[in-house]
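Quick note: numbers below take in every heavy atom, side chains included, and nothing from hydrogens, waters or symmetry partners.
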2 protein chains.
Amino acid sequence: MAVQDAMDVLYGKWNIAILSAIGFYNKRSVYDISNDVGGISNKMLSKELKELEINMLITRTVLNTKPVTVQYQLTEHGNTLRTIIDNLTDWGKEHRVKIIGK
Amino acid sequence: MAVQDAMDVLYGKWNIAILSAIGFYNKRSVYDISNDVGGISNKMLSKELKELEINMLITRTVLNTKPVTVQYQLTEHGNTLRTIIDNLTDWGKEHRVKIIGK
DNA sequence: CAGTATCCGAGTAGATACTG
DNA sequence: CAGTATCTACTCGGATACTG
């Protein structure tokens with residue numbers, strides 16, 4: 001099922017939060033992303049960023065600063081995913097009202 | 001994040017497949033769902049159906065047959081989720097073409 | 001700052017056997 | 001047929017310490 005290809009990308013405790021953190025401002029350092037997401041470990045952030053890059057949702061740029069800075073930003077493909085995330089967010093809100101009760 | 005409320009429902013190896021199996025025909029027995037999904041164990045199917053019911057996405061009806069038959073069908077709320085799944089499926093197809101290459 | 005390696009606990013899911 | 005119980009294996013994610 002094709003839907004599983006999408007779920008592979010979306011799934012994970014941090015994936016969507018990271019995409020949102022990058023997407024809102026565009027061009028973020030690992031440090032900034034880490035702060036925005038909050039509570040994520042170095043290992044997880046690093047791992048997820050790598051996967052997102054492989055999936056062509058974000059690009060990675062190394063800057064010649066000292067110490068090194070690495071910038072991430074959404075690709076065009078990554079931006080198309082944001083629409084989906086928005087839809088999911090809307091549905092999630094409705095669902096929460098219905099099930100959890102506000 | 002509200003999107004996580006949606007992901008809680010969508011996540012899992014079988015969740016979406018089960019919803020699709022029920023949704024296409026509406027009113028399915030456990031036996032039918034199991035056949036449609038394919039490869040799912042009794043334990044998993046049972047567990048997922050229970051969760052979906054708690055989340056008010058499906059309803060459970062016990063029929064007075066012998067042996068017992070149980071019918072599941074999507075609720076209205078469950079149907080709103082199908083739109084999301086369709087979107088995810090479309091995105092998944094694009095993604096597959098882009099990344100995996102058809 | 002960015003990234004990697006290791007160790008460990010908790011949760012997820014499979015196989016199998018069983019009840020009504 | 002529908003559902004439960006048990007036992008086991010594997011993956012996920014957190015904590016920590018380390019390199020350039």
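The CD atom of E51(B) sits 14 Å away from the P atom of dG11(C) (whole-angstrom rounding). The NZ-C1' distance, from K47(B) to dT4(D), rounds to 14 Å in whole Å. Taking atom CG of N64(A) as the reference point, atom C1' of dG20(D) lies 15 Å away to the nearest angstrom. Atom P of nucleotide dT11(D) and atom NZ of K43(A) are separated by 13 Å, given to the nearest angstrom. Atom CG in N42(A) sits about 14 Å away from atom C1' in dG20(D), given to the nearest Å. One can place OH of Y72(B) at 15 Å from P of dC1(D), the figure rounded to the nearest angstrom. Whole-Å rounding puts the D32(B) CG to dC1(D) P distance at 10 Å. What separates NZ of K50(A) from C1' of dG13(D) is a distance of 15 Å, to the nearest Å.
Searching all strands for a Watson-Crick or G-U wobble partner of dT19(C) with both distances below 3.5 Å returns dA2(D). Partner assigned to dA10(C) is dT11(D), using Watson-Crick or G-U wobble distances below 3.5 angstrom.
Two different hydrophobic clusters hold L10(A) and M56(A) under the rule that ILVMFWY side chains link at heavy-atom gaps under 4.5 Å. Following chains of ILVMFWY side-chain contacts shorter than 4.5 Å, one cannot reach L63(B) starting from L49(B), and the two form parts of different hydrophobic clusters.
Distances from the side chain of Y31(A) to the nucleotides dG3(C), dA2(C), dT4(D) place dA2(C) closest. Between dG13(D), dG14(C), dA13(C), one nucleotide has an atom nearer to the side chain of Y11(B) than all others, and that is dA13(C). Closest to the K13(A) side chain, of the nucleotides dG14(D), dG3(D), dT4(C), is dG14(D). Residue M44(A) places its side chain closer to dG14(D) than to any other of dC12(D), dT4(C), dG14(D).
Within the 4.0 angstrom heavy-atom criterion, no nucleotide atom of any strand lies near K66(B). At a threshold of 4.0 angstrom between heavy atoms, the contacts of S29(B) are confined to the sugar-phosphate backbone, with no base atom among them.
Between Q73(A) and R28(A), every side-chain heavy-atom pair lies at or beyond the 4.5 Å cut-off. Within the 4.5 Å cutoff, the side chain of W91(A) has heavy atoms near those of the V9(B) side chain.
Each of P67(A) and S46(A) has a nearest nucleotide on DNA chain C; the 5'-most of these lies closest to P67(A).
Rounding to the nearest 0.5 Å gives a distance of 9.5 Å between CD of E48(B) and CG of L19(B).
Between R60(B) and dG3(D), a side-chain N or O to OP1/OP2 separation shorter than 4.0 Å is present. Residue S41(A) has no polar side-chain atom (N or O) positioned under 4.0 Å from OP1 or OP2 of dA15(D).
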